[in-house]
Amino acid sequence: MSEIKIVVLTPAGREERSVTTGTKAWELFKDEPEIIAARVGNASSAAALKDLAYELVDGDEVAGVEIASRDGRDILRHSTAHVMAQAVQEIFPQAKLGIGPPVQDGFYYDFDVETPFVPADLDKIESRMRKIVKENQRFSRRVTTDDDARVELAEEPYKLELIGLKGSAADAAEGASAEVGAGELTIYDNINRNGEVAWKDLCRGPHLPTTKRIPAFKLMRSAAAYWRGDEKNKQLQRIYGTAWESKEALDEHLHRIEEAERRDHRKLGKELDLFSFPDEIGSGLPVFHPKGGVIKREMEDYVRRRHIEEGFSYVGTPHISKDGLFHTSGHLPHYADTMFPPMEFEGANYQLKAMNCPMHNLIFSSRGRSYRELPLRLFEFGSVYRYEKSGVIHGLTRVRGFAQDDSHSYCTQEQAPDEVKHLLNFMLTVLRDFGLDDFYLELSTRDEEKLDKFIGSEEDWATATAILEQVATETGLELVPDPGGAAFYGPKISVQAKDAIGRTWQMGTVQYDFNQPARFELEYQAADGSRQQPVMIHSAKFGSIERFLGVLVEHYAGAMPPWLAPVQVQAIPVADAFADYLYDVAGQLKKAGIRVEVDDSNDRFQKKIRNAQLQKVPFMLIAGGEDVEKGAVSFRYRDGRQDNGVPIADAIARVVAAVESREQV
RNA sequence: GCCGUCUUAGCUCAGUCGGUAGAGCAGCUCACUCGUAAUGAGCAGGUCGUCGGUUCGAUUCCGACAGACGGCUCCA
């Protein structure tokens with residue numbers, strides 16, 4: 001037996017060691033049960049994840065992968081997916097395997113089965129999984145060849161397809177690279193205590209050493225998913241599950257899900273009487289009730305005022321137009337599928353507006369334009385209607401009719417970078433005023449594989465993309481590429497904001513468009529007397545008002561900051577006798593522009609407090625004998641804090657200050 | 001659009017193995033009510049999503065459609 005030299009990397013540093021040939025990675029981490037895999041690199045290769053059963057070679061640099069790390073959890077979840085697939089095939093032997101990768105917070109595995117899974121099946125599968133975990137089966141890696149694998153997996157048509165795609169697996173389907181890597185083909189055998197192969201799966205690995213190393217998991221739901229993500233393919237049955245390094249971590253995850261459900265704007269919208277989606281109107285078409293209307297109007301008032309401050313002119317355009325306009329813009333026939341079908345009358349086809357830009361272009365071209373007018377900035381709340389497929393409608397975040405806070409800046413090419421910068425900064429200040437302050441940017445570019453989806457020359461696209469990229473970089477915010485995500489007429493930057501519980505939402509966008517000015521033959525007269533084509537820059541700050549309202553409701557869990565709260569002050573008399581006193585205070589608050597209501601119902605005092613609390617009113621103003629004697633009122637805040645005996649004038653000033661500062665209380 | 005689940009009072013839900021239904025909250029009425037998250041009593045409220053089919057009889061079984069929910073695909 002000869003010696004080989006390796007390096008063990010620990011948080012403390014590098015430790016050079018000599019071990020005998022044939023030493024396995026696990027022998028380095030014998031006393032560290034939280035290490036479930038190894039990251040191995042050497043002078044000639046980048047670090048790669050390996051099973052703990054990996055046999056060390058001379059020159060290896062080895063680091064342990066903790067189960068609670070990002071990679072560790074992925075490995076844990078992938079292994080749990082294997083256990084699930086094994087359980088499924090034990091219960092439903094005819095089930096064919098699709099793919100089973102780890103995903104954000106969990107994993108899934110796709111199966112081709114005759115009948116879709118029902119919730120009772122998930123229970124059965126989960127208990128079978130627990131049995132497999134208890135059996136402590138060993139994940140054993142075995143290198144094979146394409147031909148051998150084809151024989152072994154003759155009964156698994158989807159796996160055979162993946163073998164054929166090896167090397168381009170990343171393109172084959174999201175997650176497919178977890179099954180077949182670009183390198184050698186491997187199969188993992190699950191070996192039980194008797195040394196028999198209980199189950200096997202084509203898989204790149206790595207995996208946990210044994211099934212017993214799965215500390216906590218839970219199956220979440222089943223759903224259909226197209227094979228390789230293509231709607232032309234067969235739908236497989238997907239089971240989603242989650243797995244964590246400890247029972248506590250699993251419980252925390254389940255609590256986070258509960259918290260997200262508690263904040264669901266569809267639920268809160270109903271409870272707080274903000275909006276609804278009447279069937280009689282149609283799917284995806286919201287109505288705003290008086291309280292939701294207050295929030296919506298505050299948002300609109302604010303953003304209209306801000307646009308005007310930033311040099312925009314408020315304009316107005318109709319909801320429908322003849323279809324020729326959208327042919328000129330290029331939207332038809334490009335996006336006919338997502339526009340409502342035309343209405344034919346007076347010899348023309350009229351279309352519901354799905355975007356505002358063509359109409360703004362007509363305002364631009366309504367008369368001759370001078371370079372002195374540029375940048376010309378037009379803005380409106382443009383109502384647009386989009387025929388979203390029935391299955392994608394989702395509360396206020398995906399609707400068929402909505403208003404964009406839409407602007408179009410017409411400028412010279414030279415002005416474009418500054419205008420993009422202006423719009424981006426403007427948008428960020430708007431979002432900050434609404435209490436969102438954690439952002440990253442996404443740069444959506446055209447898909448180089450599907451050039452027919454995009455119009456315009458390669459040079460124009462390159463110029464536009466470069467300008468957006470440069471401005472985005474200058475903000476100092478993280479910039480994430482989104483290849484293929486561009487609109488057909490130009491690239492875009494979108495702002496992604498993180499909410500109070502860390503979820504990200506797409507907010508506004510800035511889009512650079514050199515196509516529509518050409519199609520509409522827009523021009524201005526330059527200083528030298530020549531006619532020039534402007535560049536137009538599209539931008540929506542909220543994106544859609546409806547959607548942004550929904551995001552705010554979730555961000556604040558319905559407890560809106562005072563400036564947005566439908567009822568800012570709920571006045572509650574301790575007893576009937578003090579109602580008049582509070583009506584007087586309420587009158588003064590109304591004069592100061594505050595939305596206040598006095599609860600003079602027959603409910604008892606405590607019940608009124610409870611009602612106001614459930615409505616998430618920011619300020620409860622209470623008055624009883626002690627307050628009246630002092631000419632004062634008492635505050636109760638949403639968190640239950642009290643501030644008693646505050647002089648009326650001070651109380652009003654306090655409420656007004658909170659509204660004006662747009663702070664959360 | 002596709003797959004699955006679901007649709008009973010304003011809301012949240014029971015229930016009917018086929019004989020037209022019940023609770024809590026909300027609402028209305030009355031009484032009570034002076035200090036920080038539910039006072040009590042009574043009343044009223046439903047063509048059991050819509051339309052067909054099977055049946056002596058359908059809210060219940062079957063089908064179609066609409067809508068909701070969870071995914072997939074999509075998201076200018």
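Labels below follow one simple rule: chain letters A, B, ... track the order of the sequence lines, proteins then strands, and each chain is numbered from 1.
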Enumerate all atom pairs, one protein N or O and one N or O from nucleotides 64-67 of chain B, separated by less than 3.5 Å.
residue, atom, partner, partner atom, Å
B:rG67, O2', A:Asp279, OD1, 2.9

[atom1] spacing across the pair [N] / [M], given as an integer number of angstrom:
N      : M      : atom1 : result
B:rU59 : B:rU54 : C1'   : 16 Å
B:rU12 : B:rA31 : P     : 33 Å
B:rU47 : B:rU60 : P     : 15 Å
B:rA21 : B:rU16 : P     : 14 Å
B:rG19 : B:rC48 : C1'   : 15 Å

Donor on one side chain, acceptor on other, [X] and [Y], under 3.5 Å:
X        : Y        : answer
A:Ser544 : A:Gln404 : no
A:Ser444 : A:Glu442 : no
A:Asp110 : A:Gln237 : no
A:His360 : A:Thr317 : no
A:Asp323 : A:Tyr350 : no
A:Trp227 : A:Glu161 : yes
A:Lys607 : A:Ser601 : no
A:Arg238 : A:Tyr240 : yes

Under the salt bridge (charged side-chain N to carboxylate O under 4.0 Å, His left out) rule, what do A:Asp112 and A:Lys234 come out as? Steps first, then yes or no, please. CA-CA 9 Å; A:Asp112 187 359; A:Lys234 183 168 184 179; 3.2 Å; yes
Could you pull out the protein-nucleic contacts involving nucleotides 42-49 of chain B (nitrogen or oxygen on both sides, under 3.5 Å)?
none

Using a 3.5 Å distance criterion without hydrogens, assess whether the side chain of [X] forms a donor-acceptor pair with backbone atoms of [Y].
X        : Y        : value
A:Trp461 : A:Ile455 : yes
A:Asp584 : A:Tyr581 : no
A:Arg386 : A:Thr338 : no
A:Glu546 : A:Ala403 : yes
A:His394 : A:Gly284 : no
A:Gln89  : A:Gln94  : no

Among A:Tyr512, A:Tyr410, A:Tyr489, A:Phe514, find the one that has a ring pair (Phe, Tyr, Trp, His ring centres under 6.0 Å) with A:His538. A:Tyr489
Side-chain N or O of A:Lys492 less than 4.0 angstrom from OP1 or OP2 on B:rA76? yes
Evaluate whether the aromatic ring of A:Tyr335 and the six-membered ring of the B:rA76 base sit under 5.5 Å apart, centre to centre, with an inclination under 30°.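 Yes, the aromatic ring of A:Tyr335 stacks with the base.
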Checking all strands, does [X] fall into the base, sugar-phosphate, or nothing category for heavy-atom contacts under 4.0 angstrom?
X        : value
A:Tyr387 : sugar-phosphate
A:Ala225 : sugar-phosphate
A:Ala354 : base
A:Phe488 : nothing
A:Gln506 : nothing

Measure the spacing between CG of A:Asn611 and CD1 of A:Ile609 and express it to the nearest 0.5 Å.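 Taking CG in A:Asn611 and CD1 in A:Ile609, the distance rounds to 10.0 Å.
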Please report the interatomic distance CG(A:Leu325) to NZ(A:Lys353), rounded to the nearest 0.5 Å.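 That separation rounds to 10.0 Å.
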Tell me if the side-chain of A:Glu231 makes a donor-acceptor pair with the base of B:rC2, cut-off 3.5 Å, by modelled atom types. no
In whole angstrom, give the distance that lies between atom [atom1] of [X] and atom [atom2] of [N].
X        : N      : atom1 : atom2 : answer
A:Leu352 : B:rA76 : CG    : P     : 19 Å
A:Ile239 : B:rU5  : CD1   : C1'   : 15 Å
A:Lys389 : B:rA76 : NZ    : C1'   : 15 Å
A:Asp337 : B:rC75 : CG    : P     : 11 Å
A:Glu280 : B:rG10 : CD    : P     : 12 Å
A:Tyr240 : B:rC3  : OH    : P     : 17 Å
A:Arg221 : B:rC3  : CZ    : P     : 20 Å
A:Gln237 : B:rU73 : CD    : P     : 14 Å

Do A:Lys96 and A:Phe111 come close enough that some side-chain heavy atom pair is under 4.5 Å?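 Answer no - side chains too far apart.
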Between A:Met339 and A:Ala223, which residue's closest nucleotide on RNA chain B lies nearer the 5′ terminus?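 Going by which nucleotide is closer to the 5' end, it is A:Ala223.
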Nucleotide-level pairing of RNA chain B, given in dot-bracket where Watson-Crick and G-U pairs need both distances under 3.5 Å and | marks other strands: (((((((..((((.....[..)))).(((((.......))))).....(((((..]....))))))))))))....
Give me the ring orientation class for A:Phe635 and A:Tyr637: parallel if the planes are under 30° apart, tilted from 30 to 60°, perpendicular past 60°. parallel
Please list residues of residues 253-272 of chain A whose heavy atoms come under 4.0 Å from any atom in RNA chain B, ordered by number; otherwise none. A:Arg266, A:Lys270
Residues within residues 391-399 of chain A bordering RNA chain B, heavy-atom distance below 4.0 Å: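 The stretch gives A:Gly391, A:Val392, A:His394, A:Arg398 as the residues lying under 4.0 Å from the strand, ordered by number.
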All N/O pairs under 3.5 Å across the protein-nucleotides 29-39 of chain B interface:
residue, atom, partner, partner atom, Å
B:rC32, O2, A:Arg604, NH1, 2.6
B:rU33, O4, A:Asp576, OD2, 3.0
B:rG35, O6, A:Gly624, O, 3.4
B:rG35, O6, A:Gly625, N, 2.8
B:rG35, O6, A:Glu626, N, 2.5
B:rG35, N1, A:Asp627, OD2, 2.7
B:rG35, N2, A:Asp627, OD2, 3.1
B:rG35, N2, A:Ser634, OG, 3.0
B:rU36, O3', A:Arg636, NH1, 3.4
B:rU36, O2', A:Arg636, NH1, 2.7
B:rU36, O2', A:Gln642, NE2, 3.3
B:rU36, O4, A:Asn644, OD1, 2.6
B:rA37, OP2, A:Arg636, NH1, 3.4
B:rA37, N7, A:Arg636, NH2, 3.3
B:rA38, N7, A:Arg610, NH1, 3.0
B:rA38, N6, A:Arg610, NH2, 2.7
B:rA38, N1, A:Arg610, NH2, 3.0
B:rU39, O4', A:Arg604, NE, 3.3
B:rU39, N1, A:Arg604, NH1, 3.1
B:rU39, O2, A:Arg604, NH1, 3.4

